[in-house]
Amino acid sequence: MVDLDRTVRVLSAGTALPGSPVDTEALAARFGMDRLWQQWVDAFIGTRTRHLALDLATGEPRESLADLASTDSSRLCSPPPPPRSRTR
């Protein structure tokens with residue numbers, strides 16, 4: 001028999017985004033889309049920028065999911081910065 005009465009607690013969560021934000025204009029230029037497409041994305045999708053794990057110019061991957069997880073976990077496991085001194 002399986003015990004389904006278990007408690008799960010999330011102790012922390014974090015995020016890591018690959019690369020710099022890419023705007024809709026850059027995507028349109030890369031894929032040959034016109035201004036109407038850009039307006040449609042702005043109006044109906046609403047996402048003005050996004051982060052891509054690949055180089056938009058070459059299509060080569062820049063970061064993997066493992067890279068992002070490692071970046072985020074190393075931030076979570078790092079000691080906090082020392083408090084700022086309050087000198088007057």
Side-chain angles (χ1 to χ4, degrees):
M1 183 174 211
V2 177
D3 180 13
L4 297 177
D5 195 24
R6 296 182 182 183
T7 301
V8 175
R9 292 183 176 90
V10 176
L11 299 178
S12 66
T15 60
L17 297 173
S20 301
V22 177
D23 62 12
T24 304
E25 187 175 346
L27 276 181
R30 171 64 176 92
F31 295 110
M33 306 306 285
D34 62 11
R35 183 74 187 134
L36 182 60
W37 180 84
Q38 292 179 51
Q39 291 171 344
W40 184 88
V41 169
D42 287 343
F44 294 102
I45 306 291
T47 304
R48 301 216 185 267
T49 61
R50 71 275 304 139
H51 294 262
L52 303 176
L54 59 88
D55 185 298
L56 195 56
T58 65
E60 293 293 318
R62 287 190 303 200
E63 295 183 77
S64 68
L65 184 57
D67 294 331
L68 294 174
S70 174
T71 298
D72 184 54
S73 63
S74 65
R75 276 194 318 227
L76 289 173
C77 295
S78 300
R84 289 191 247 170
S85 65
R86 296 184 180 190
T87 57
R88 295 179 191 211

**Q** Compare every heavy atom of L68 with every heavy atom of P18, then report the nearest pair and how far apart it is.
**A**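 Heavy atoms of P18 and L68 come nearest at N-CD2, 3.8 Å.
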**Q** Are L54 and L17 co-members of a hydrophobic cluster defined by side-chain heavy atoms under 4.5 Å apart?
**A**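 Different clusters.
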**Q** Salt bridge (charged side-chain N to carboxylate O under 4.0 Å, His left out): which pairs involve residues 33-51, sequence neighbours left out?
**A**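 Checked against salt bridge (charged side-chain N to carboxylate O under 4.0 Å, His left out) - neighbours excluded - the pairs reaching residues 33-51 are D42-R48.
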**Q** Per the ring pair (Phe, Tyr, Trp, His ring centres under 6.0 Å) rule, what does the pair list look like for residues 24-44, sequence neighbours excluded?
**A**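 Listed by first then second residue: W40-F44.
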**Q** List the atom pairs, donor and acceptor, that lie under 3.5 Å between side-chain atoms in residues 57-66 and the rest of the protein, sequence neighbours left out.
**A**
residue: T58; atom: OG1; partner: E60; partner atom: N; Å: 3.1
residue: R62; atom: NH2; partner: L52; partner atom: O; Å: 3.0
residue: E63; atom: OE2; partner: G19; partner atom: N; Å: 3.3
residue: S64; atom: OG; partner: A66; partner atom: N; Å: 3.3
residue: S64; atom: OG; partner: D67; partner atom: N; Å: 3.1
residue: S64; atom: OG; partner: D67; partner atom: OD2; Å: 3.3

**Q** Mind jotting down which residue pairs meet the ring pair (Phe, Tyr, Trp, His ring centres under 6.0 Å) criterion with at least one end in residues 50-73? Sequence neighbours excluded, please.
**A**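 Residue pairs with at least one partner in residues 50-73: there are none.
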**Q** Take Q38 and E25, measure what side-chain contact (heavy atoms from CB on, under 4.5 Å) needs, and give me the verdict at the end.
**A** CA-CA 7 Å; Q38 292 179 51; E25 187 175 346; 3.9 Å; yes
**Q** Of all the heavy-atom pairs spanning L56 and A26, show the shortest one and how long it is.
**A**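 Shortest heavy-atom separation between L56 and A26 comes out as CD2-O, 4.0 Å.
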**Q** Looking at residues at least two apart in the chain, or sitting in another chain, which of them share a side-chain contact (heavy atoms from CB on, under 4.5 Å) with A69?
**A**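 Listed in chain order: nothing, the list is empty.
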**Q** Between L27 and V22, what is the shortest heavy-atom contact and its length?
**A**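 So the minimum-distance heavy-atom pair works out to CG-CG1, 4.2 Å.
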**Q** May I have the step-by-step check of side-chain contact (heavy atoms from CB on, under 4.5 Å) for T47 and V41, ending in yes or no?
**A** CA-CA 7 Å; T47 304; V41 169; 5.5 Å; no
